[in-house]
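Just so you know, these numbers use all the heavy atoms, side chains as well, and skip hydrogens, waters and symmetry mates. Numbering of ligands and ligand atoms starts at 1, following listing order. Numbers here simply count residues along the sequence, with the first being 1.
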Amino acid sequence: MAPNNPRYNSIPAFHEKLLKSKRILAICGAGLSAASGLPTFRGAGGLWRNHEATSLATPAAFEDNPGLVWLFYAYRRHMALTAQPNAGHHALAALARKLPGGFLCLSQNVDGLHPRAGHPAEQLRLLHGSLFDIKCNEYCGWIQRDNFDDPFCPALAAASVDVNPGETLPLLDPGQPLAEIPRKEIPKCPNCTAGLQRPGVVWFYESLDEEMMSGVDRWIKDEPVDVVLVIGTSSQVYPAAGYAEKARGKNTSVVTVNLEPEGEVKLARKQDFVFAGDAAVLLPQLLEPIIGKPRRDGTYTP
Ligand code: BJW
């Protein structure tokens, strides 16, 4: 779809489709939380010290240096706890409340901002887990939900330091060597005592929760999906990147909401929509016919 196509950035044309829609699926990525100040994975901001963020998100990286991987996640836990859900999270949560049986949100984000925006849990699937779940790295099955300890443990205190605006956190200063965190200082699994505690997120080469995935498949197959919102994701990581096509039927509109949607534009079909811009600005406008206008603080009347 070229930028001069009537459906490129056309909010009135999208509203017409939305008002005729009964079932809506959203697939969210890191770009949704960008306006909350959290970095994305790819492109600018995808480096953590001199490491590609994605190279730290593997079981092999944890096996090799659990202290380094934990520092990365401890820092992200701290950032996420300090951040606030933005108008995009609030708009999706409001849509869920308005359409209890007709809207499901699949999010790749692990930052906890959807639940904190009041998104009903039964209409939210956290495909890649949560920074605030802790599990055993030996797969003994132990899992602890909603652990908001910050710092997570004394050895990771450097990740939970606050600095004044404009100052660099010593942990992120590439000029300063990173203190090694020995394996023995990472808390052990309280269940099997052999494994180490690790973040309850899904790393590359790990399977997503099977029950959750079959539930998503059932929801998609149950009845036609009218609209798929693809929000702030580069759609490079599977299986998440495959859901838009899985849900696509004859009359489905796939709606891309992305700051830099160029890649998606080439792929779009005639019934699709592309919106170029910040998801936090666009989502309240796009969903307004159903959710109404936000209150001054960006939230919606329950
Ligand atoms: C804005 C914005 C603003 C910015 N407003 N927009 C099929 C084909 C090929 C490979 C595979 C396949 N199936 C499985 C694989 C292997 C692999 C995979 O997909 N590899 C690809 C790289 C090719 N997948 C897996 O390993 C998955 N497991 C699996 O499938 O198990 C079975 C299996 C195993 C082995 C082999 C085969 C099958 C697991 C994937 C887990 C991904 N985990 C991570 C880390 C999670 C924990 C953590 O957060 O640290 O998930 S990686 C990272 O990428 C993270 C993200 O959720 C994910 C997606 O990134 P996202 O959200 O799209 O972010 P970005 O940065 O890429 O994009 C941001 C976008 O926002 C950009 O487009 C910006 O323009 C935009 N933007 N500001 C709107 N304000």
Q | Those residues that, when tested against Lys246, pass salt bridge (Lys or Arg N to Asp or Glu O under 4.0 Å) (two or more places apart) | A |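 Partners of Lys246 by the salt bridge (Lys or Arg N to Asp or Glu O under 4.0 Å) criterion, ordered by chain and then number, come out as Asp217.
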
Q.
Could you check whether Ser107 and His114, counting side-chain N and O atoms only, form a donor-acceptor pair closer than 3.5 Å?
A.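 There is such a pair (donor and acceptor under 3.5 Å, judged by atom type) between the side chains of His114 and Ser107.
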
Q. With a 3.5 Å cut-off and no angle check, do the side chains of His78 and Asp162 form a donor-acceptor pair?
A.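 Side-chain D/A pair, His78 to Asp162: present.
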
**Q.** Asp272/Arg248 ion pair, N-O < 4.0 Å
**A.**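 Salt bridge between Asp272 and Arg248, a charged N being under 4.0 Å from a carboxylate O: yes.
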
Q) Does Arg183 pair with Glu63 as a salt bridge, N-O distance under 4.0 Å? A)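 Yes, Arg183 and Glu63 are salt-bridged.
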
Any N/O pair [X]/ligand 1 closer than 3.5 Å:
X	answer
Phe41	yes
Leu259	yes
Val110	no
Val237	no
Asn109	no
Trp203	no
Gly232	yes
Gly29	no
Thr54	no

Q. Would you say Asn109's side chain and Asp111's backbone share a donor-acceptor pair under 3.5 angstrom?
A.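 Not confirmed, Asn109 side chain does not pair with Asp111 backbone.
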
